[in-house]
Structure formats: C-alpha cells, structure tokens
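The next block holds one structure in the form of structure tokens; read it before the comments.
Scope of the values below: all heavy atoms of this structure, side chains included, with no hydrogens, waters or symmetry mates.
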Amino acid sequence: MALSDRRLAAAALAVCLALAVLHTWPLGASPGGWSRNDNADTMLNEWTIAWVAHQVVRAPLRLFDANIFYPAPRSLAFSEHLFVQGLMGAPLIWSGASPVLAYNVLLIAGLTLSAWSMWLVVRRWTGSTAAGVVAGSLYAFNAHTLSRLPHLQALHLEFLPVALLALDRLLERRRLRDALLLAMFATLQALTSNYLLVFMVIGLTAAVVSRPQDWAMPFSAKTVALLGLATAIAGLVVMPFLVPYYLAQRDQGLTRTLNDVARYSAVWQDYFTTPGRLHGAIWSHGMFEGATALFPGAIAALLALYGISRGAALPRIRMTSAIGLVGVVLSFGPSMPGYALLYRWIPLLQGIRAAGRFGFLLLVAVAILAGYGVAALQTRFGSRRWWRLALVLIVVGVHVEAITSPRVYRRFDGIPQIYRAIADEPGGIVAEFPFYTPATILRNAVYELNSTVYWKPLLNGYSGYVPRHYVDAADALRDFPDDRSRAWLRRVGVTHLFVHMAAYGDRATALAVELKQTGWLTLVAEQRDIRLYRVGPGR
C-alpha cells in the first residue's frame, strides 16, 4: 500500500470512529460511566468478555467451564462465547478497567472497524472512495446493528468483508495466499459469534454457488482444492469452540426447536422496520416493538437497485445478490419450504433461534450493491459540477435515515465494594438472593456482573439457556432461609451468600429477623441494602 493510500486509510478509520461515536452518543462522552445495563443481555456480554480475559491466561483449555450456573459444566456454552471480543478487550480488563468500560470501548470499536473494513473492500473493488464511504456507512450503521447495541456479538462484523475479498481473489486468481487469508478472516469472524458463523458459512456458500464459471464451468480442481483447504483450516480452528456446544446439546438438551425458530422468524414488516428517528417518527414507530429491524433505508435501496442495473453481469454483483437473497429466504424460518429439511441436515442451524436475523445478509448485500451504485453514478456524473454536492447529500442522507442518537443510557457507578470482601479468600461457592425463578432469570444478570470481582463459582446465572438443575435449585430456595434451602445450599457446598434486602420489598423486615435467627448464617459485611453472610454448620 502506497503512502498516500495509507494516509487515506488512516483518515477513513478516523472518520469511521467519529461516526461510531455519533451513532452511539453520548456513550463516547463517558464510556466508563454510561451503560446499557438496563438490558440483561448487555450485562451477560460484559461478564462474558471479562470471563474470557480472566480465563485465557489462567486455564485456557477450560475456557467454557465458566463460574455461572454452578455446578453445571461448560456453562459458557449456554450463550455466545465472544472469544475474539474478549481477547480485544483483555488489555483493558487486565489493566483494571471495569467490564462496562471494556464493553463500551468494544462496542464503539466494532462499529468503527466494521465500517472501515467494508470501506476498504468496496473501494478496492470499485476504485471509488465515495463508494467505499457509502458502503461502509450502510454496513455498520443500519437498522439492525443500531437496534442491537446491547448485543456485542452483532456489532463486530469487521472480518466478513475481508473474507469476501479473499474469496473473490481466490476464485479469480487461484492462489494459496488467498485461501489462507480466507481461512484466517473467516475464522476470526466465526469466533465473534455463533450466529455470525452460521450467516457467514451460508453467505460464502451462496457466493461460491453463484459463480460456477470460476470453478465448475469448466471444472477447476485447483479452485475446489483451495476452497477445501480454506474450509478445512477454518474448521479445525473453530471446532474446539463448537464441541462444548455439542456437549451442551447432548447433555443439557440445548437445542432450538422448530417451534422456537418459528416464534423468532421474520415477517415481511421486519424489512420495513427501523429504530431510526426519521422513519420512526413518520411511520416505523408502531412496527418496531419486538421486531427484528431490517429496513435497509430508502437511499440505500435505490442505490443498490441502480448498482444492480448497471452491473448485473459482474460476478461480484451476482455474488452479492445471492448472499442477500439467501438471507431473506432463510429469515422467514420454518414458514419457508425447505427450512425444516435444512434444520435436520445442518446441525449448526439447530443452534439458531432467531432466524429473522438471517435478514442481516440482505443488509450486507445492500451495502455492497449501494457502493456499486455510487461508483456507477460517479462514472456517469463525476465530471459534473453538482456531483460533489450530490455525494455529500447521499452520505448525509444515509446517516440521517439511520441515526438513533442521542440515546438514553443508565448510569454505572461500579460494582459494590462489598463483593471484594471475598475476592482474596481461597475457594468458596457463592449464591445471591433473591434467587430468581426461570421466569424472572434475567434479573440474575447483575449477579454475573458482580461476580467479575471475585470469580468464584456462582449458583445463579443468566444466559441464552436455563440448565435443568437451575429449575430444581430455584424451587428448593424459594422460601429461603428455611430448612429446605439450608439443606440444598449445604448439599452443593455454598460458602457465601449475598442478600439484596431491598429486592424483597415488603418482606424485607421479616426476612431480616429470620436471617438473624438462623444459626447457620454469619453476617460478614453490609453495604447499603446488600448483606454478605458466611454459611456455617449452625444448629
């Protein structure tokens, strides 16, 4: 890359960062103080990246043996492992930053890098910087990503465009180097999210199938061999991260049924749903609640259609269109003929509950095709005096359609100091009360975040799956601190309890009396409404 290209790439990265800050504002003003901790999934992801940073330097081969839902094995496999994001955030965690600060930095970084990588790829494909700007903007800042800020796994999309670039080069040039690059970037994207792993595999498969002239007509053994090599390398690296999910499926019954998939599949209204302030104020606000937001934007759709019309014969246009089409078809889940058959044949699909999110592939396609649309417009009108103004209006319009900021965040004042009281004690098993039922289990998310201070096994947990033993535990502990709960806690070896008195409401006064009268609980510390007890033999 020439020096001028490097400077341009650096400038583009800075612009992408500024746009990420704009679309998440005011998060960037205080990334350690603001949070989306009103959402349990955010706290789950904060805990996850902190766990990866904690475990990868202590016992990396036991990465999935997380501290939640004790004594369930491989409890990290009950949700996304966020391995790549955890490694990216690890230096912050190791330096003492809170999981909330690390999450927010990773959130902004994910949007920034996603926009930048698509800019790089589309600029290279079209030769147009303007096309790259529009494509990167649409790829990173769209209805889907901006409605999923509580889900870090949906915001790190930066490796998929480069994987597409490597695939395109492999099909055109048949070089070992491109096969290795495809394997590397596909692996990195796969390790950001299981959902993105499935989307990427299906998207890349559709891309290859759409270009038979590059490998099948006439048959090219070298191309097929290189594709097989890239697949084998990526598969070998990703496999250790998939085995725990297989074991959780086998031992815990962690499978998404077709009924679950149908419940979270797309409906046609989703493709007209957006959280953007402009469209939301006019017509989309009544559609957004509970929907999967997949509206690509009016400007984006027009540019994409123009890009298709001007370059329908181009292999990259056909490849990109195929990716978008297969995403739309699969997003409707079991209501689409053939989905149930694919569900039985492809084990990875059995882990996908929200089939509607396959519609993300349409947004990928629209971003690239819109870039081609801008490049075609630039070729036709670039010499006109008004073109620069028109381009500015296009870019501004794309962001005006998408903008959801300023947003409302919750203030994060840190994890209560009382949790540090057990951080240096050897061993120990912890439970927090109230011990919520499976129906209200999302309230356990804050307990997980609290556990990042001490990292001891925790009976509580919140994740994408509720293990069977948790149902029994919740039933046994519902009348805490009665004799039945005492027997259960002793049986599983709990040594410390945190009790949140305020959460008991009107029962708090009576509970305080009961706790004082127990002979098996010793009050160790108290901070505001939180009490720490040590579990002893008692009477």
Sidechain-backbone polar pair: [X] side chain, [Y] backbone, donor-acceptor under 3.5 Å:
X	Y	answer
Ser75	Ile68	yes
Trp51	Leu63	yes
Arg169	Leu182	no
Asp260	Thr257	yes
Ser35	Arg410	yes
Trp94	Ala53	yes
Ser405	Trp25	no
Trp116	Glu158	no
Gln55	Arg62	yes
His469	Tyr70	yes

CA sep, side-chain torsions, deciding dist, call: Phe83, Phe241, ring pair (Phe, Tyr, Trp, His ring centres under 6.0 Å): CA-CA 9 Å; Phe83 184 68; Phe241 293 86; 4.8 Å; yes
Side-chain ion pair, Arg7 and Asp5, N-O less than 4.0 Å: no
Nearest 0.5 Å, what's the [atom1]-[atom2] distance between [X] and [Y]?
X	Y	atom1	atom2	answer
Thr437	Leu477	OG1	CG	12.0 Å
Asp41	Leu149	CG	CG	12.5 Å
Ile93	Thr452	CD1	OG1	7.5 Å
Leu152	Ile49	CG	CD1	6.0 Å
Leu515	Thr522	CG	OG1	11.5 Å
Thr24	Asn104	OG1	CG	8.5 Å

Side-chain touch [X]/[Y], heavy atoms, less than 4.5 angstrom:
X	Y	result
Leu294	Thr273	no
Phe199	Leu330	no
Val499	Tyr504	yes
Asn37	Glu46	yes
Met118	Ile368	yes
Val535	Leu521	yes
Leu489	Arg486	no
Leu164	Leu204	yes

Sequence-distant partners of [X], ring-ring contact (aromatic ring centres under 6.0 Å, His included), two or more places apart:
X	value
Tyr409	none
His399	His23, Phe141
Tyr465	Phe78
Tyr419	Phe498

[X]: side chain to side chain donor-acceptor pair (under 3.5 Å) partners, not counting sequence neighbours:
X	result
Arg58	His54
Glu448	none
Tyr533	Arg531
Asp251	Arg74

Derivation of the side chain to side chain donor-acceptor pair (under 3.5 Å) call for Thr42 and Asn45: CA-CA 5 Å; Thr42 299; Asn45 287 343; over 6 Å; no
Derivation and outcome, side chain to side chain contact (heavy atoms under 4.5 Å, CB included), residues Leu44 and Ser79: CA-CA 9 Å; Leu44 166 62; Ser79 192; 3.6 Å; yes
Residues Leu226, Asp178; criterion side chain to side chain contact (heavy atoms under 4.5 Å, CB included); working and verdict: CA-CA 9 Å; Leu226 289 173; Asp178 296 319; over 6 Å; no
Shortest non-hydrogen contact from [X] toward [Y]:
X	Y	result
Ala143	Pro275	O-CD, 3.6 Å
Tyr139	Ala367	N-CB, 3.7 Å
Ile418	Gln527	N-OE1, 2.8 Å
Ala248	Ala77	CB-CB, 4.3 Å

Side chains of Asn67 and Trp47, donor plus acceptor under 3.5 Å: yes
Results of side-chain contact (heavy atoms from CB on, under 4.5 Å) for Val524 - residues two or more places apart only: Leu532, Arg534
Set of residues satisfying side-chain contact (heavy atoms from CB on, under 4.5 Å) with respect to Asn444, sequence neighbours excluded: Tyr436, Ile441, Tyr447, Asn460, Tyr462, Tyr470
Return a table of donor-acceptor pairs under 3.5 angstrom between the side chains of residues 349-362 and protein atoms on other chains or two or more places apart.
unit_1: Gln350; atom_1: OE1; unit_2: Gln249; atom_2: NE2; d: 3.2
unit_1: Gln350; atom_1: NE2; unit_2: Tyr343; atom_2: O; d: 3.1

Can you give me every donor-acceptor pair (side chain of residues 183-193, partner residue at least two apart or in another chain, under 3.5 Å) with its distance?
unit_1: Thr187; atom_1: OG1; unit_2: Ala183; atom_2: O; d: 2.6
unit_1: Gln189; atom_1: OE1; unit_2: Phe159; atom_2: N; d: 3.0
unit_1: Gln189; atom_1: OE1; unit_2: Leu160; atom_2: N; d: 2.9
unit_1: Gln189; atom_1: NE2; unit_2: His156; atom_2: O; d: 2.9
unit_1: Gln189; atom_1: NE2; unit_2: Thr192; atom_2: OG1; d: 2.9
unit_1: Thr192; atom_1: OG1; unit_2: Gln189; atom_2: O; d: 2.6
unit_1: Ser193; atom_1: OG; unit_2: Glu80; atom_2: OE2; d: 2.9
unit_1: Ser193; atom_1: OG; unit_2: Tyr195; atom_2: N; d: 3.1
unit_1: Ser193; atom_1: OG; unit_2: Leu196; atom_2: N; d: 3.2

Ring geometry between Phe480 and Phe433 (parallel below 30°, tilted from 30 to 60°, perpendicular above 60°): parallel
Step-by-step side chain to side chain contact (heavy atoms under 4.5 Å, CB included) determination, Thr145 to Leu157: CA-CA 10 Å; Thr145 56; Leu157 314 168; 3.9 Å; yes
Geometric cation-pi criterion Arg411 and Trp34, 6.0 Å radius, 45° cone: yes
